[in-house]
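Hydrogens, waters and symmetry mates are skipped; everything else that's a heavy atom, side chains included, is used. In the text below, chain A, chain B and the rest are named by the order of the sequence lines, each starting its count at 1.
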Amino acid sequence: MEINTLFVILISTIFINNYVLSQMLGLCPFLGVSKKLDSAIGMGLAVIFVMGLSSFFTFIIYKYVLVPFDITYLTTIAFILIIAGFVQFVEMVIEKVSPVLYYSLGIFLPLITTNCAVLGVTVLNIESGFVNSNMGLLMAVVQGVGGGIGFTLALILMAGIRERLEVADIPEHMKGLPITFIVAGLMAMAFLGFSGMKI
Amino acid sequence: MPQKKSLAPELVLSSAPHVKAGQSITSIMWMVVLALMPATLYSVYLYGIHALLVICVAIIAAVASEALYLFLMKKPVTILDGSAVITGLLLAMNVPPDVPLWTVGIGSAFAIIIAKQLFGGLGFNIFNPALAGRAFLMASWPVYMTTKWHTFTPTNVLSQGITNITDMPEQAFDVVTQATPLGALKEVPKLLSDLHVLPDMLHNLLFSKEMLKSLFVGNVGGCIGETSALLLILGGLFLLYKRIITWHVPAMYIGTVVIFMYCYYSLSGFPYPVEATVYHVFSGGLMLGAFFMATDMVTSPVTWKGMLIFGAGCGILTCVIRLWGGYPEGVSYSILLMNTAVPLIDRYTKPRIFGTRA
């Protein structure tokens, strides 16, 4: 039963409620880091990691600090603080482990801090009512990881398409971001096929 | 210094290939139109004059918007190559027969301008234009796109009408036969429970031999182009014979649907797994999608390995959307979704360069 619930959460965050393509969250890195496939994969992995762990910690902070002390109105600011701390940590790790990736991600790595998809997933964890469930923590982490995987999927697909569009005969005024927005819109329409799915 | 005139016959140098097949974009495109003709004409016969108008409006709007765009962009106007005609025709085959005409017109214009020309025109589009147009219409006017079905016609050249063999109440029988085949499978059970019809009775009717035969030759409701599996297969075989498409995508696509559906129905303990599988294969837009839309040269992978992956992906997504999704039919969305993955598939299925190790 519990495994089933977790599976449903995972599938629905990856495909049905994909953070980028159905909820339109996290568009800045989606458009900014999708130029090259390699950096898209790196960015995706970083986001999966950050989303999973920040889901874990924000959930604990919310349940055991914010709720008992009745200060849930601080949710947003507390979550942003936690996420920012994490991103700094990930940044340091990537800089040590893979300097090449670090430089190709550039400004977008610190920008995960303000990636609305990360804040979105942590807030949605709370709004989905996971707090009242026994399995809440696990569900939150699964939703976080699923959200990250969904983001990575969208990012990688977009990177593949943009690499192909490099050689396309696109009208001058549509080159770069404009055509990327159109691709994003068409991808979102394709992902409508998953809408209303019941597992 | 005066140039000496060479005594040898003039040597013309050109790059390979030196032996060419007679195929050109124009001939391929018109061949595809020809292959679609039997199914199109049959649909016009089945659904009447409004279907013909829908097809005409779709084609005219597609060609006109292509011409207008190319003219405004000061590019050579290449509307005679038939690619816009195919886009319009395929879009028309993907909409219900009684849809308002202006809807298809807008869909065609969207397909040509947004999904094709802005990407650089023929050869550069990432998404199949006709399917992108359909997805756009689905998102914009879902009511027109899901309710404007033609009412069932009792007379038909290719097959007999379906009779009420399971003694359903008259009202319930009407509900079943007015729905599209896949809609009957997905949405009708809810309606029928009000009329006290058990799901078993519905399944006995839907999976009867008579119904399957009807599906195969095409005496069922649905989009303009998804009626007769038989005529679509004939068109597909013609394209295969002319080597305009290869067998990889259609075979893998339909094969995956067969295997997936059979496994699903037999594992879930359904009494007629074989009939249900056949029902799924011949209903909806699977044949149209597998032979005419998934095989689009621009938006499908280049290598045969890539084509197999592409076909399998389309098949799995189609089954998933049909069985669990919010829509009764998943062919168009599954092909669009796989279109997004084509650049990646191509990237990872590059053929080995001759003489190198893998």
Side-chain angles (χ1 to χ4, degrees), chain A residues 7-8 11-12 14-18 20-22 30 34-38 40-41 44 150 152-199, chain B residues 69-70 72-75 110-111 113-129 131-140 142 186 298-299 317-318 320-348:
Chain A
F7 181 71
V8 169
I11 293 296
S12 61
I14 296 177
F15 295 108
I16 307 166
N17 298 319
N18 188 298
V20 182
L21 294 172
S22 337
F30 178 61
S34 53
K35 261 190 192 143
K36 286 274 166 288
L37 191 61
D38 300 334
I41 294 173
T152 312
L153 177 73
L155 195 63
I156 290 176
L157 290 176
M158 182 57 118
I161 293 176
R162 283 185 77 174
E163 286 192 353
R164 171 164 292 191
L165 288 179
E166 290 279 299
V167 294
D169 179 25
I170 300 167
E172 201 57 43
H173 54 281
M174 293 300 296
K175 277 188 181 149
L177 273 185
I179 197 74
T180 313
F181 270 106
I182 287 180
V183 173
L186 290 172
M187 280 173 80
M189 285 200 315
F191 266 71
L192 274 184
F194 289 119
S195 67
M197 191 168 277
K198 290 183 203 71
I199 310 166
Chain B
Y69 178 91
L70 291 174
L72 290 178
M73 295 298 291
K74 301 191 174 67
K75 286 184 172 184
F110 180 91
I113 293 178
I114 308 280
K116 183 178 160 195
Q117 289 297 349
L118 286 187
F119 287 88
L122 185 65
F124 295 116
N125 48 315
I126 301 291
F127 299 90
N128 186 321
L131 290 177
R134 179 183 193 269
F136 168 73
L137 292 181
M138 275 299 262
S140 310
K186 192 162 211 165
V298 181
T299 55
L317 286 172
T318 302
V320 166
I321 294 176
R322 278 187 184 181
L323 292 174
W324 296 290
Y327 299 106
E329 172 61 312
V331 167
S332 55
Y333 281 117
S334 65
I335 297 174
L336 267 183
L337 283 167
M338 288 310 290
N339 279 347
T340 65
V342 165
L344 286 183
I345 294 175
D346 270 344
R347 191 187 166 102
Y348 291 111

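Residue A:Leu157 holds its CG atom at 11.5 Å from CG of B:Asn339, rounded to the nearest 0.5 Å. Separation of atoms CD (A:Glu172) and CE (B:Met73) is listed at 9.5 Å; rounding is to 0.5 Å. A distance of 4.5 Å separates CD1 in B:Ile126 from CG in A:Leu165, rounded to the nearest 0.5 Å.
Listed here is the closest heavy atom pair of A:Gly160 and B:Pro343: O-CB, 3.3 Å. For the residue pair B:Leu118 and A:Pro171, the shortest heavy atom distance occurs at O-CD, 3.3 Å.
Both the backbone and the side chain of A:Ile156 come within contact range of chain B, judged by heavy atoms closer than 4.5 Å. Residue contact with chain B, scored on non-hydrogen atoms closer than 4.5 Å, involves the side chain of A:Met174 exclusively.
Side-chain contact between A:Ile170 and B:Phe124: absent, with no pair of heavy atoms (C-beta onward) separated by less than 4.5 Å. You'll find the side chain of B:Arg347 stays beyond 4.5 Å of the side chain of A:Arg164, heavy atoms only. Within the 4.5 Å cutoff, the side chain of A:Met187 has no heavy atoms near those of the B:Leu337 side chain. Side-chain contact between A:Phe194 and B:Leu317 is present, with heavy atoms from C-beta onward closer than 4.5 Å. B:Phe119 places a side-chain heavy atom less than 4.5 Å from the side chain of A:Leu186.
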